[in-house]
Visitor: 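The structure under discussion is supplied below as structure tokens; questions concerning it will follow.
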Amino acid sequence: MSDSFIIILTSVLGAFLTFEVSNNFKINKITTSALLSFTVAIFFRYCPKFFSPDVVHLIPVAFFGASLIGMSAEKVILKTEILFSGIIFGILFMFITSYFKGFGGGLGITACISVIITLGIKITYEKLTEIWIKNHSIITKNH
Amino acid sequence: MVIKTIKSGRRTNLILLFSIILIQVIFIGRFLYENSQFTSAYLSTAVLVGLLITGFSTVISRHSKLDHPIRMRNKDGEAIHNLNLGDWISLLSCSLGSMVTYYISIDLMLGPIIGASSVGLISSIPLLIAKENKTFKALPVPIYCGSFVGMSASFILTNIFTVGLVGFFAGLLFVGTQNMLIGIGGRLGTIAFMSVTVVFFLSKYLINV
């Protein structure tokens, strides 16, 4: 498996697990995010042999950042959108990490950008579909 | 008077929201300009800015209470300017959360992820004892927000007292933006990032002068 695929997969898992665990078991979102991230961080700190050394130290970071996406409210974002946000986060994480290196909250702002971009794509898609349906019905009426 | 305070609160809210968008755009834009050709960078930044603005406008119109001033209003619609006890607890817990995370991450050399997540876990312990207690219910949020500040590296925030101060500043932002971006993941991290960058660049500029 390539390193970038592992990072994206970790991000999707981090976001999805936090969202699902906190909503299904009715656990506080902060507790869920902290507990899952802590478990992953401890596991990769003491058992780092499963993946390549380049990616081992990035997995807990990506998981923690993605778990912040999973902290979104159910009313705001759907399960599928959480998965999509996780993918966007994984991609942003791989390219933008170097720019916020050392700045606290960098993962949080990346998670926020991922969620907002997902919502932006969703709304744009809905608007475009609406316009397309409108135009399509006008064309069929004319015919 | 009431209308005036509401208007000024809305203006401050918009300024804060604008600065959040601006920081995010600068963040992405800088990366794109350094890593791709001018035209493609220009186009992708424009697309991303468009998506960000669309997303933000959706969030604002559906989920945020932007009509509320920066501070909560009382029953008569007047803005409350003074910090109450709950706000002070939030400020101090945010500061404390950042210092403990920094201590675990840098001084104990366990790393920022273990630092922040353990602080998040510790902050949830009171909830196990008293589930219905309002203060205990609200406490983990500012502490977790502070823990993001504490994740900063030692070359950005050099000592634990600076971290505490930045944590206090993040607490102020947290208290001030309670009605903004509700339910959006990464809100606490964004507050932390804003406070860390503002303090870092201000201190850098002041030291250089």
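In what follows, chains are A, B, ... by sequence order, proteins preceding strands, each numbered from 1.
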Visitor: Identify which part of Thr39(A) has an atom lying under 4.5 Å from any heavy atom of chain B, answering side chain, backbone, both or neither.
Guide: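 Looking at Thr39(A), nothing touches chain B.
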
Visitor: Give a yes or no on this: more than 12 heavy atoms of other residues, nucleotides or ligands lie within 6.0 Å of atom CZ of Phe84(A).
Guide: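 It does not: Phe84(A) CZ has 12 such atoms or fewer within range.
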
Visitor: Under a 4.5 Å cutoff for heavy-atom pairs, which residue among Val40(A), Asn28(A), Ile42(A) has the most contacts with chain B?
Guide: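 Sorted descending by pairs with chain B, the first entry is Asn28(A).
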
Visitor: For chain A, find which of Val163(B), Val196(B), Leu121(B) contributes the most heavy-atom pairs closer than 4.5 angstrom.
Guide: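 Of the candidates given, the most pairs with chain A belong to Leu121(B).
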
Visitor: Taking every non-hydrogen pair under 4.5 Å, which of Ser152(B), Ala170(B), Ala192(B) racks up the most with chain A?
Guide: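 Top count of heavy-atom pairs under 4.5 Å with chain A: Ser152(B).
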
Visitor: For Val166(B), is it the side chain, the backbone, both, or neither that has a heavy atom closer than 4.5 Å to a heavy atom of chain A?
Guide: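 For Val166(B), no heavy atom lies under 4.5 Å from chain A.
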
Visitor: Scan side-chain atoms only and decide if Ser22(A) and Thr32(A) contain a donor-acceptor pair under the 3.5 Å cut-off.
Guide: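 No - no donor-acceptor pair under 3.5 Å links their side chains.
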
Visitor: Between the side chain of Ser85(A) and the main-chain N/O of Glu81(A), is any donor-acceptor distance below 3.5 Å?
Guide: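 Flag set: sc Ser85(A) to bb Glu81(A) pair under 3.5 Å.
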
Visitor: Check Ile106(B), Ile114(B), Asp107(B) against Leu110(B) for a side chain to side chain contact (heavy atoms under 4.5 Å, CB included) and give me the one that passes.
Guide: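 Between Leu110(B) and the candidates, side chain to side chain contact (heavy atoms under 4.5 Å, CB included) is satisfied uniquely by Ile114(B).
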
Visitor: Is Phe103(A) close to chain B through its backbone or its side chain, or both, or neither, when contacts mean heavy atoms under 4.5 Å?
Guide: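 Both parts, backbone and side chain.
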
Visitor: Looking only at heavy atoms, which two atoms of Ser72(A) and Ile82(A) are closest? And how far apart?
Guide: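 Distance-wise, the nearest heavy atoms are CB-CD1, 4.4 Å.
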
Visitor: Let's test your reading of the structure: which of Ile156(B), Ile191(B), Leu157(B) forms the most heavy-atom pairs below 4.5 Å with chain A?
Guide: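 If we count pairs closer than 4.5 Å to chain A, Ile156(B) comes out on top.
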
Visitor: Would you say that more than 12 heavy atoms from the other residues, nucleotides or ligands in this model lie under 6.0 Å from the CZ of Phe161(B), or not?
Guide: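 Result for CZ/Phe161(B): open.
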
Visitor: Return the option, out of Ile121(A), Thr118(A), Ile69(A), with the maximum number of heavy-atom pairs under 4.5 Å with chain B.
Guide: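 Max contact count across the listed options: Ile121(A).
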
Visitor: Relative to chain A, which segment of Phe200(B) carries a heavy atom at a distance below 4.5 Å: side chain, backbone, both, or neither?
Guide: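 Contact with chain A: side chain only.
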
Visitor: Please rank Ser147(B), Ser117(B), Gly189(B) by heavy-atom pairs under 4.5 Å with chain A and give me the top one.
Guide: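 Most pairs with chain A among the choices: Ser117(B).
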
Visitor: Looking only at heavy atoms and a cut-off of under 4.5 Å, which of Gly108(A), Ala73(A), Ala34(A) has the most pairs with chain B?
Guide: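 Answer, by heavy-atom pair count under 4.5 Å with chain B: Ala34(A).
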
Visitor: Side chains of Thr162(B) and Asn159(B) only: does a donor on one sit below 3.5 Å from an acceptor on the other?
Guide: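 The criterion, which ignores hydrogens and geometry beyond distance, is satisfied for Asn159(B) and Thr162(B).
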
Visitor: Any chance CZ of Phe155(B) has more than 12 other-residue heavy atoms, nucleotides or ligands included, within less than 6.0 Å?
Guide: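 Counting other residues, nucleotides and ligands, CZ of Phe155(B) exceeds 12 neighbours.
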
